[in-house]
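What follows is a set of notes on a single structure, which appears directly below.
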Amino acid sequence: MQTPSPSREELRTLIDARRDEPGALLPLLHDIQNTFGYINAEAVSLLADALQQTEAEIHGVISFYHQFRTTPPARHRVQICRAEACQARGARSLEAHACKRLGVSMHGMTADQHIQLDPVYCLGNCATGPNVRIDNRLAGRVDAARFDRLMDELEGEHR
Amino acid sequence: MTITVYVPCDATALSLGADQIADDFVRLSAQTGHDIRLVRNGSRGLFWLEPLVEIDSGDGVRIAYGPVTGSHDVESLIKTGVLDGHKEHALALGPVTEIPALQAQTRLTFRRIGVTDPRSLDDYRAHGGYQGLEKALQSDAQAIVDAVKESGLRGRGGAAFPTGIKWQTVHDAQADQKYIVCNADEGDSGTFADRLVMECDPFMLIEGMTIAGLAAGASEGYVYLRSEYPVAADIFQHAIDTASAQGWLGDDIRGSGRRFHLHLRIGAEAYICGEETSLLESLEGKRGLVRAKPPLPALVGLFGKPTIVNNVLTFAAVPEILAAGAGEYYKHGEARSRGTLPVQLAGNIRNGGLFEVPFGTPLRTLIEDLGGGTASGHPVRAVQVGGPLGAYLPQSQLDLPLDYEQFAEANAVLGHGGVVVFDDTVDMLEQARFSMAFCAAESCGKCTPCRIGSQRGVEVIDRIRNKENHAMNMALLSDLCDTMVDGSLCAMGGMTPFPVRSAFTHFPDDFK
Ligand SMILES: Cc1cc2nc3c(=O)[nH]c(=O)nc-3n(C[C@H](O)[C@H](O)[C@H](O)COP(=O)(O)O)c2cc1C
Ligand code: SF4
């Protein structure tokens, strides 16, 4: 879904577009990750330069937030809600099923790097759980059978 | 005669296939030669009925059908003649406004939600939108603050601080720049009211923040929205752009000479960033470490300037308060809890969704009468109110009325109004363990009782489960809770003991 290894030029353009906004770092990290899938070492060094911070400071911010990543992502991210409202509707067993179905544990990536499985703390769809988010798409009332159909679709597109 | 078909566009309806339903209506109605107008309205918040389709076949009455779950339902509806004025069908619910679950509510903040098209500023204005701001533009700043005070409005994000007093502090502060910040981090499980506002009536939030700007003398506003809400981000950004293009935001609001600019910022999956000072750090581009208070954000807030930080629902209540008058809001509710609370019924509940009711309504009325009990049909065993830092209530406490002070007396919180229902299959030791594990995962790391204490909490609960030194470990768990309450800088570490304590106090059998 993302182009691998961004060029220095592309990163510069992204960073220059909003480096002067107040509190620009989070929007910039989002822009970089949305465009390239992750935040690589070169991006960190360019950000440090542009915002007059140390690389350690930029790393500190990246590591604080669950969303940001510094290694290439799988093609798709599948997130299963682990919060109380989904627990009350059977999310714990869905989580176990999902791990089995994909052959990975939570936070793991399938061997073909097609799907990354992550927990998420609440998708805000709490009356119609269990909930699953696939990239930017939300699916509600997901039982094991519906989960399998959703994964079939994702895997089908890969083949 | 125009036939109008309404298919909601909020994230819940979308998660249940609403886009497909909308496409089906367009495609199949063309095949049968019907000329329909498709409107993507907001959701009514009756989620057990979603996707909930409404059809006005020309007489101005919107007949509801739901849940419409796939192409087969759309085919069957059209074949029965719902586009030709025929109103009977297995999925028919009658005129939407007569659905009992809507009639039982007092919708002030949510009055337009589900009715209008959230992408249409004209629709917003046709349904009373911007009347509050029109009044605010005619008033002086102190009069706006006074109206908010008189309404009795308290913060809907969790701490229930009186909104008018906060606004007064920022109004009185002297500074070259002040800010209005909206907390749309909505991290609590079981809550989705902020999302519904932003997806279904985004101009209302813009209007409320603009009024706050006039009251405080602030010309810049930020909305900090969690990244788990991409639909809300899209619709809200569209609303900012539309309002700016039509002069409702910008350097000269509707020719008044007053300025207000609004920016949308996206979080990055960190629960603690819902805590207001952590949120401000995050907006400044830093790690979301909680700041010590004082100084209050009202005096030293975003970029060190005086700042109003309020929840989405708090700002969203303000346009109506100004338009209808503070007294109209204050007359609902009881004691020091005035107005209405948009309650979110979630978890194992038959009829889950958004229920805006006056304060004073008993919790049991919501869960049993409006919510219809559990979805599984099993008895209700525990109810967590107020998100992951809120207590678990047993059956014996379900008669508590929605009232901040009465909840506090019962060692519980109303928080953001999320109500998560569990049936009798719940294991309360597991829930207590989850609370500790959640705190350990989401702590900002600044204080030891929160960061390390929660980790120890998980271990102690594991030992209790394994029946190792039971009495000693129960005593240890209780001590640990005290240490976290006493030694934490913010409510993350300070309130995680609420769900834990309530679990072992009210459900001791699960800890044996
Ligand atoms: C751990 C933690 C998480 C919080 N999360 C939120 C949140 O997601 N949304 C929110 O509005 N307030 C949240 N709050 C409360 C805010 O700190 C703050 O009280 C609120 O934004 C003030 O707005 P209000 O007065 O309108 O409620 C949280 C507090 C804590 C301690
Ligand atoms: S209680 Fe926890 S989240 Fe709050 S400031 Fe301390 S370490 Fe951070």
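Given the structure is predicted, the values throughout are model-derived calculations rather than measurements. Naming convention: chains lettered A, B, ... in sequence-line order (proteins, then strands); numbering from 1 in each chain.
- Side-chain atoms of B:D185 never come within 3.5 Å of backbone atoms of B:G187 as a donor-acceptor pair (strictly under, hydrogens ignored).
- Contacts with chain A were tallied for B:Y229, B:F434, B:F303; B:F434 has the most, counting heavy-atom pairs under 4.5 Å.
- Judged by distance alone, with hydrogens and angles left aside, the side-chain atoms of A:R89 form a donor-acceptor pair with the main-chain N or O of B:G347 at under 3.5 Å.
- The backbone N or O of A:V44 lies less than 3.5 Å from no partner atom in the side chain of A:E55, so there is not a single donor-acceptor pair.
- Proximity to chain A (any heavy atom under 4.5 Å) is shown, for B:C444, by both the backbone and the side chain.
- Interface remark: B:D188 contributes backbone atoms only to the contact with chain A (heavy atom separation under 4.5 Å).
- Checking side-chain atoms of B:R381 against main-chain N and O of B:D424 turns up no donor-acceptor pair under 3.5 Å.
- Between chain A and the options B:Q344, B:E50, B:E442, the largest number of non-hydrogen pairs under 4.5 Å is found for B:E442.
- Contacts between B:I272 and chain A at a heavy-atom distance below 4.5 Å involve the side chain alone, from C-beta outward.
- In terms of non-hydrogen atom pairs under 4.5 Å with chain B, the most contact-rich of A:E57, A:E21, A:Q53, A:Q87 is A:Q87.
- Of the residues considered (B:S282, B:A193, B:G17), B:S282 shows the highest number of contacts with chain A, using heavy-atom pairs under 4.5 Å.
- Of the two parts of A:Q79, only the side chain, counted from C-beta on, holds a non-hydrogen atom closer than 4.5 Å to a non-hydrogen atom of chain B.
- At a 4.5 Å heavy-atom cutoff, the contact between B:E284 and chain A is made by backbone atoms alone.
- Using a 4.5 Å heavy-atom cutoff, the side chains of B:Y271 and B:M492 are in contact.
- In this structure, A:R82 contributes its side chain and A:P119 its backbone to no donor-acceptor pair below 3.5 Å.
- With respect to chain A, the highest number of heavy-atom pairs below 4.5 Å among B:I266, B:T191, B:L283 belongs to B:I266.
- When atom types are taken as modelled, the side chain of B:S435 and the backbone of B:V500 share no donor-acceptor pair closer than 3.5 angstrom.
- When each of B:K286, B:E228, B:R287 is scored by its heavy-atom pairs under 4.5 Å with chain A, the top score falls to B:R287.
- Within the 4.5 Å cutoff, no side-chain heavy atoms of A:V104 are placed close to those of A:M109.
- Looking at A:V132, neither its backbone nor its side chain comes within 4.5 Å of chain B, counting heavy atoms on both sides.
- Interface residue B:A441: only backbone heavy atoms are found under 4.5 Å from chain A.
- When A:V142, A:L25, A:L138 are compared by the number of non-hydrogen pairs under 4.5 Å with chain B, A:L138 comes out ahead.
- Between chain B and the options A:P27, A:G129, A:P130, the largest number of non-hydrogen pairs under 4.5 Å is found for A:P27.
- Using a 4.5 Å heavy-atom cutoff, the side chains of B:Q237 and B:D234 are not in contact.
- No part of A:R137 comes within reach of chain B, as not one of its non-hydrogen atoms sits under 4.5 angstrom from that chain.
- Residue B:V231: no heavy atom, backbone or side chain, is found under 4.5 Å from chain A.
- Judged purely by atom type and a 3.5 angstrom limit, A:E10 has no side-chain atom pairing as donor or acceptor with the backbone of A:F36.
- Chain A forms more heavy-atom pairs under 4.5 Å with one residue of B:G353, B:G352, B:P388 than with any other, namely B:P388.
- Looking at B:L370 and B:V343, their side chains never come closer than 4.5 Å, going by heavy atoms from C-beta outward.
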